[in-house]
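Reminder, nothing fancy here: chain letters follow the sequence lines and each chain counts from 1. Just so it is clear, the values below take in all heavy atoms, side chains as well, and ignore hydrogens, waters and symmetry mates.
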Number of protein chains: 2
Amino acid sequence: MRQGENVEVLIFKVLSNEVRLAIIKALFKAPMSVNEICETINEEQSRVSHELRCLTTCQFVYFKREGKKMIYELNGGTATQIINAAENHAKLFGDNIKGCNTLSSIKQKSVTLVK
Amino acid sequence: MRQGENVEVLIFKVLSNEVRLAIIKALFKAPMSVNEICETINEEQSRVSHELRCLTTCQFVYFKREGKKMIYELNGGTATQIINAAENHAKLFGDNIKGCNTLSSIKQKSVTLVK
DNA sequence: TATTCATATGTATAAATCTTCATGTGTAAT
DNA sequence: ATTACACATGAAGATTTATACATATGAATA
């Protein structure tokens, strides 16, 4: 992260990652242990643990111990709200966005709307 | 961007940048030329142009020429929806998130909620 | 208490993104 | 047609983030 970065930017950074987003979406359905998350999203355990730490720190999920397992659960509905709003944009404009190869240097090909 | 990345992740990536978010927020108020954006958010022109290209490609803004100037304008309300939802999360949990130093290796300090 | 299971953490390399500088392009005015 | 203005683009080095591997930790059970 860069210096002085604001909270909103950080929130979007957390969500702008395939694995973290997949974890959140998996937890939409139900609380799960780490292994269950790994199976659901088909990712390696240490990878998932790293991302879960990020998600708990940013309060998108919390956890509780159950014997040897850690059960992760979504924290409130804010993640859902943000993701739904993004899905709305994706629904409207997704086809254009899909063509992107890089972020800073996206190849622009007559994708601009003009009123 | 990584291979096969989905549209939602890309949308969040676009928003997870100080300058791009600042541009969008500047355009909340009114359509502006590139120079006006530069002055408003206090950033260099080439930087702003690069980020505007990203924003137009992803359909958050569009533009029209007016003489020598290019006037940039927000495209619909989806950006506002997404940002408002993020602000909602920030309002609830921002204090914890602020403590973060890096993204993948956030230092976790008893920030976890337990029901 | 030794072992196994479930998960977390540290770290190094690879990959992506940011940022700046130099320069290119289009429009309008001289 | 030349110049100035407004903006866009290319590219490279700097910085951040992702990813994978090795290993550590805590709980339960033998």
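- Leu52(B) has its CG atom 10 Å from the P atom of dC7(D), to the nearest Å.
- The side-chain heavy atoms of Thr56(B) and Tyr72(B), taken from C-beta on, include a pair separated by under 4.5 Å.
- In summary, of the residues considered (Thr80(B), Ile82(B), Leu74(B)), a side-chain contact (heavy atoms from CB on, under 4.5 Å) with Ile24(B) occurs for Leu74(B) alone.
- dT20(C) atom P lies 11 Å from atom CD of Glu51(B), rounded to whole Å.
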Output one line per pair: protein atom, nucleotide atom from nucleotides 21-25 of chain D, and distance, for all N/O pairs under 3.5 Å.
residue	atom	partner	partner atom	Å
dC21(D)	N4	Ser46(A)	OG	2.8

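- Atom CZ of Phe63(B) is separated from atom C1' of dG26(C) by 13 Å (rounded to the nearest Å).
- Asn17(B) places its CG atom 11 Å from the C1' atom of dT19(C), with the value rounded to the nearest Å.
- Between the CD1 atom of Ile37(A) and the C1' atom of dA8(C) there is a distance of 13 Å, rounded to whole Å.
- For the 3.5 Å distance criterion, the side chains of Thr78(B) and Gln81(B) fail to qualify, holding no donor opposite an acceptor.
- Listed pair Tyr72(B) / dA6(D) fails the phosphate criterion, with no side-chain N or O lying under 4.0 Å from OP1 or OP2.
- Distance NZ (Lys69(B)) to C1' (dA29(C)): 15 Å, rounded to an integer number of Å.
- The separation between Glu43(A) atom CD and dA18(D) atom P is 13 Å, rounded to whole Å.
- Base contact: Lys68(B) has a heavy atom under 4.0 Å from a base atom.
- Contact annotation: Arg65(B) side-chain N/O to dC7(D) OP1/OP2 distance is not under 4.0 Å.
- For the residue pair Gln45(A) and Ser49(A), a side-chain donor N or O sits within less than 3.5 Å of a side-chain acceptor on the partner.
- Residue Lys25(B) qualifies as enclosed at atom NZ: its count of foreign heavy atoms under 6.0 Å is above 12.
- In terms of modelled atom types and a separation under 3.5 Å, the side chain of Arg47(A) and the main chain of Cys38(A) share no donor-acceptor contact.
- Rounded to a whole Å, the CE atom of Met70(A) is 19 Å from the P atom of dC5(C).
- Proximity of a side-chain donor or acceptor of His89(B) to a complementary backbone N or O of Glu8(A) within less than 3.5 Å is not detected.
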